[in-house]
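For ligands, and for the atoms within them, numbers begin at 1 and follow the listed sequence. Below, all heavy atoms of this structure are taken into account, side chains as well, without hydrogens, waters or symmetry copies.
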Amino acid sequence: MRFFKPKKLHVFDTSGSLLVSLCVLLIGLKTSVKYYLARLNRKEVKRNQESPPEAIFAVMDKPTYDKSVAYTLTKSRFEILTDFTDAGVLVALLVSGILPKLYTYVMSFGHESSAWLGALFILVTTLLLSFISLPFEWYNQFRIEAQFGFNQSSLKLWISDKLKGLLLSLLIGLPLLAGILSLVNWVGSAWWIWGFILLFVFQLIMLVLYPVLIMPLFNKLSPLPEGALKERLLALGDRTGFKAKSIQVMDGSKRSAHSNAFFTGFGKFRRIVLFDTLIAQLSEEELEAVLAHEIGHYRLGHIPKSLVLSFLGTALSFGVIAWLATTPWFNPAFGFKAGVLAPTFLLLGLVGSLVTFWISPLFNLLSRKHEYEADLFAKKAMGNAESMIGALRKLSSKNLSNLTPHPWYSGFYYSHPTLLEREHALSLKH
Ligand SMILES: [Zn+2]
């Protein structure tokens, strides 16, 4: 029989410090690998700038290419800085014992089994962490993005975005978390099965409600005006077996000059959203190709596949939390009592990426496979490869994309193949 006396355990117990040391080691390892990949990528980009591959000048002229190199290098330098800061903050959180202190403080407002207070503890910690990242986000938006002509947001809009986000996490995040944490009081050890069902149902509902209730808080959505473009896009929908309920235009230009297009909702709630910046940048034929690519994702079943993956991921993490919370070693290693859920949730949220980081390239590989398939779908729907290639070239140029990433870097991080890879695949005979 194993004895467990919570009072005597704190972070510096042998078993506890072992697990904390392991986390610190994994943080060091992850940060080093990220730094190494960033270095490789920077060198590759600089090497290419000295003798650029000919294919690049079909996409950008020399001044734009030089600007894209400068943008890539500036962003990468900033990413290295934020990576090291994040790592330092996480180490400090884990070894300082501040989390158990905060937990004790929050729980002192009520009963130990209160799901609301548990949820509040998680939310407060998350908010404190996002508070630390605020100056970095500000610098990125109002220095880097502004320097390269992408920032369109004002400080006022930026602050109001943050406040709305805060309000949403209080109104939606807090009750949802409290709901999940309270399940253990209702159904006991099977809580995690009900918990991930609850979360999954919530996600499905949000897929429908998000574009209707949340997106309008941040952006204005208006139907694509009648005219040649709309007719063209609806005709494409008919041709490819995609009955579009509506095509909406979003005022993305309010915040950024970067452009995008996406789907929201599912089944009969689906809708297509095009950024106004995308419409401004592309010709009608290129916009049709971009939409054909998005329809490709839909028709080829990529969306349910991603949903199933996220379903499995959620189930797995809930199972792991349920198991870790009851072990006599996990919570105590970080200064918490075994058997309480909220700290385990938070801890897994904090250190989970130390494991998932290493498998993320697999998901990116799958995502890139889907991108190639959707490109091919667009090529068939358009009857030519040129319109898709034209759209991709323009988007790369307007967004100052890095055209020459190091293959290890893009292989590890990129959810989309590089422009030259996509052009190559599109120009193959199928
Ligand atoms: Zn895509």
Side-chain angles (χ1 to χ4, degrees), residues 59 207 210-211 215 224 232-233 236-237 239-244 247-250 252 256 258-267 269-310 360-403 405 409-428 430:
V59 185
L207 271 180
Y210 185 81
M215 258 165 53
L224 185 66
R232 191 178 188 127
L233 297 184
L236 169 79
R239 199 162 80 235
T240 49
F242 179 88
K243 291 271 173 287
I247 304 171
Q248 306 246 298
V249 184
M250 195 178 103
S256 167
H258 286 298
S259 45
N260 209 345
F262 59 90
F263 268 119
T264 62
F266 63 94
F269 300 105
R270 68 179 173 237
R271 53 168 87 186
I272 300 158
V273 180
L274 304 171
F275 277 40
D276 55 354
T277 37
L278 188 77
I279 296 177
Q281 287 167 1
L282 300 184
S283 73
E284 288 189 358
E285 191 181 338
E286 288 161 349
L287 274 169
E288 188 183 346
V290 168
L291 186 58
H293 170 99
E294 294 300 327
I295 293 176
H297 280 308
Y298 186 84
R299 294 276 293 157
L300 298 166
H302 296 162
I303 296 162
K305 272 183 208 162
S306 321
L307 273 177
V308 168
L309 269 182
S310 99
S360 60
L362 285 178
F363 291 97
N364 286 330
L365 192 67
L366 179 69
S367 167
R368 292 198 298 268
K369 182 175 166 278
H370 287 169
E371 291 307 321
Y372 282 127
E373 288 171 7
D375 277 353
L376 192 61
F377 184 95
K379 178 183 168 183
K380 281 183 185 149
M382 299 299 292
N384 66 65
E386 286 73 30
S387 26
M388 191 68 211
I389 291 178
L392 290 173
R393 284 181 176 178
K394 265 196 202 164
L395 290 176
S396 298
S397 177
K398 295 285 179 193
N399 289 303
L400 295 178
S401 305
N402 175 11
L403 294 183
Y409 187 87
S410 55
F412 202 97
Y413 290 118
Y414 278 26
S415 61
H416 289 57
T418 65
L419 173 71
L420 299 183
E421 286 167 343
R422 289 174 84 171
E423 279 196 17
H424 176 71
L426 276 163
S427 59
L428 293 175
H430 282 285

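The N, O or S atom of Glu371 lying closest to the Zn ion (ligand 1) is OE1.
Proximity of a side-chain donor or acceptor of Arg368 to a complementary backbone N or O of Gly411 within less than 3.5 Å is detected. One N or O on the side chain of Ser396 and one on the backbone of Leu392 form a donor-acceptor pair closer than 3.5 Å.
Using cut-offs of 30° and 60° for the angle between ring planes, the His370 and His302 rings count as parallel.
Put simply, His293 gets within reach of the Zn ion (ligand 1), with an N, O or S atom under 2.8 Å from it. Counting backbone and side-chain atoms alike, His416 contributes no N/O/S atom closer than 2.8 Å to the Zn ion (ligand 1).
The side-chain heavy atoms of Lys379 and Met388, taken from C-beta on, include no pair separated by under 4.5 Å.
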